[in-house]
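See below for the structure under consideration.
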Amino acid sequence: MIVRFGFVAMSMMLDNASVSRTMTYRNFSRLADRGAAVRKLERIAEENLQHTLRLLRHCAAHDIRIYRFSSKLIPLATHGELADWNPFPALQEAFAAVGDYARRQEMRVSFHPDHFCVLNTPRPDVLESSVRDLEHHIRMLEAMGLGEQAKCNIHVGGAYGDKERAGERFLEQFAPLSDRYKRRITLENDDKTFTAEETLRIAEQSGVPMVLDIHHHAVNDGGVSMEQAASTLWPRIVRTWAQHGDGLPPKIHASSPRSTKDVRSHADLLEPGPLLQFLRDVAGSTPRLDVMLEAKHKDAALFALMYELRQHEHAGGYRIVDGASIELS
DNA sequence: ACCTGTCAAGTCTGG
DNA sequence: CCAGACTTGACAGGT
């Protein structure tokens, strides 16, 4: 099994390379000349995109082919008071440059709209803004010229006092979405509400690939041990990717608890032990697997992990392939 | 240069 | 019904 590692959004190694520079609405609305204010937002977005391209070059230089874009590339993009603003014409070249580079480098890229995107909400207004948020992320991928392999990963959502019903409502509210949306979505188990098993069932029923977060599973396992997850849930998770039919290997998220007192928060670096154990458990049945590191130190945590893996290569049961991937037999 | 409270958005808990 | 916690990177306004 070939395992490729990637990281999320920002770099701890590059200076002045923020991909999430923003402007608060409060500040935007204080500017008298609205046209100038909008152009300022567009300049900030362009800078975020240029920094994203710098990051992709940094990835390529270190064999990293898995990367998640910042959701905050365009400040205030889906703010209600800016609904008449279409930032895409001004940013077309910058988006295309990012997409062209990702494609040329054959990188697997994604978005992770944050917790304001909740498709299972009972509130019509929240559903509407969630779909708008999803639309925004899809439009960014389209502006980059990236096909359906570039996904938007989301969670099922809240429980609203009746998780069973909340899961059904996800299916009901997902169903009427167009394929343009459905083909871009992946579903991830969360650390509080929808367990891996529950998320998997919903992913299967909605025909969406599932991203397994092994840290979330560790803190919200619904009585299913990690070992059980690897043996019983994993084959079904792999099937969600295979049946989706766009040729992507399955993807998991990996992070470590900040401390024993604070097990849900993400630590600076990744503890390799639990991840390696999981990888060994699934190596026999999985030819390719991508791992998104979600450590506080971002790319620095990836480099630290590879450094550690190199040190123990002789005994670890894996082989270092390059700067950001390993092979397990 | 550095520190602290705030930020557009949702959900959950506790009062 | 409402305030505060949760969580995150970055702003904004202060020193």
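Proteins get letters first, then strands, A, B, ... in listed order; numbering begins at 1 in each. Scope of the values below: all heavy atoms of this structure, side chains included, with no hydrogens, waters or symmetry mates.
Looking only at atom types and distance, the side chain of A:S325 has a donor-acceptor partner in the side chain of A:D322 under 3.5 Å away. With 3.5 Å as the limit, one finds a donor-acceptor pair spanning the side chains of A:E294 and A:H253. With no hydrogens or angles considered, a side-chain donor-acceptor pair links A:S71 and A:H137 at under 3.5 Å.
Here the side chain of A:T24 is nearest to one of C:dA12, C:dA10, C:dT8, namely C:dA12. In the set C:dC11, B:dA9, B:dC7, the nucleotide with an atom closest to the side chain of A:T22 is C:dC11. The A:S265 side chain lies nearest to C:dT7 when the options are C:dA12, C:dT7, B:dC7. Residue A:Y160 places its side chain closer to B:dC12 than to any other of B:dC12, C:dG9, B:dA8. Candidate nucleotides C:dG9, B:dA8, B:dG10 were compared by shortest atom distance to the side chain of A:K298, and C:dG9 ranks first. The side chain of A:A159 approaches B:dC12 more closely than any other nucleotide in the set C:dT8, B:dC12, C:dA10. Closest to the side chain of A:T78, from the set B:dA8, C:dA10, B:dT11, is B:dA8. The side chain of A:Y25 sits closest to B:dA8 out of B:dA8, C:dA10, B:dC12.
Under 4.0 Å is where a charged nitrogen must lie from a carboxylate oxygen, and between A:R4 and A:D290 at least one such pair does.
Taking atom C1' in both C:dA10 and B:dT11, the straight-line distance is 23 Å, to the nearest Å. Taking atom P on both nucleotides, C:dT7 is separated from B:dG14 by 15 Å, rounded to a whole Å. Between the P atoms of C:dT8 and B:dC2, the separation comes to 24 Å (whole Å). Atom P of B:dA8 sits at a distance of 12 Å from the matching atom of C:dG13, rounded to the whole Å. Across the P atoms, C:dA3 and B:dT6 are found 15 Å apart, a figure rounded to whole Å.
Rounded to an integer number of Å, the gap from CG of A:L127 to P of B:dA9 is 18 Å. A:H112 places its NE2 atom 16 Å from the C1' atom of C:dG9, with the value rounded to the nearest Å. Rounded to an integer number of Å, the gap from CD1 of A:I44 to P of B:dA8 is 14 Å. At whole-Å resolution of the value, CD1 in A:I154 and C1' in B:dT11 are 16 Å apart. To the nearest angstrom, C1' of C:dA10 lies 14 Å from NE2 of A:H51. Atom CG in A:D191 sits roughly 13 Å away from atom P in C:dC6 (whole-Å rounding). Taking atom CG of A:D114 as the reference point, atom P of C:dT8 lies 11 Å away to the nearest angstrom. Taking atom CZ on A:R169 and atom P on B:dT11, their separation rounds to 9 Å, with Å as the unit.
B:dA8 is unpaired under the Watson-Crick or G-U wobble criterion, no partner having all donor-acceptor distances under 3.5 Å. Under the Watson-Crick or G-U wobble criterion, with both distances below 3.5 Å, C:dC2 is paired with B:dG14. In a base pair of the Watson-Crick type (N1 to N3 plus N6-O4 or O6-N4) or a G-U wobble (N1-O2 and O6-N3), with each distance short of 3.5 Å, C:dT7 is matched with no nucleotide.
Among the atoms of the strands shown, only primed sugar atoms or phosphate atoms (P, OP1, OP2) are found under 4.0 Å from some heavy atom of A:R30. At a threshold of 4.0 angstrom between heavy atoms, the contacts of A:T121 are confined to the sugar-phosphate backbone, with no base atom among them. Here A:N27 lies in heavy-atom contact (under 4.0 Å) with sugar-phosphate atoms only. Among the protein residues, A:S18 comes within range of the sugar-phosphate backbone only, with heavy atoms under 4.0 Å from sugar or phosphate atoms but none that close to a base. Nucleic acid contact class of A:A9 (heavy atoms, under 4.0 Å, all strands): none.
Applying the 4.0 Å criterion to OP1 and OP2 of C:dT8, one finds that A:K72 has every side-chain N and O outside that range. Residue A:R264 has no polar side-chain atom (N or O) positioned under 4.0 Å from OP1 or OP2 of C:dC6. Dashed line: the shortest gap from a side-chain N or O of A:T193 to OP1 or OP2 of B:dT11 is not under 4.0 Å.
With hydrogens and angles disregarded, a donor-acceptor distance shorter than 3.5 Å links the side chain of A:N48 to the backbone of A:R21.
A search for salt bridge (Lys or Arg N to Asp or Glu O under 4.0 Å) contacts involving A:E148 returns A:R183, not counting sequence neighbours.
We find that the ring of A:F116 and the base of B:dA9 stack, their centres lying under 5.5 angstrom apart and their planes tilted less than 30°.
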Name the atoms and distances for all side-chain donor-acceptor pairs under 3.5 Å in residues 208-216 of chain A, with sequence neighbours left out.
| from | atom 1 | to | atom 2 | distance (Å) |
| --- | --- | --- | --- | --- |
| A:D213 | OD1 | A:H215 | N | 2.9 |
| A:D213 | OD1 | A:H216 | N | 2.8 |
| A:D213 | OD2 | A:H216 | ND1 | 3.3 |
| A:H215 | ND1 | A:S255 | OG | 2.7 |
| A:H215 | NE2 | A:V263 | O | 2.8 |
| A:H216 | ND1 | A:E188 | OE2 | 3.2 |
| A:H216 | ND1 | A:N189 | O | 2.9 |

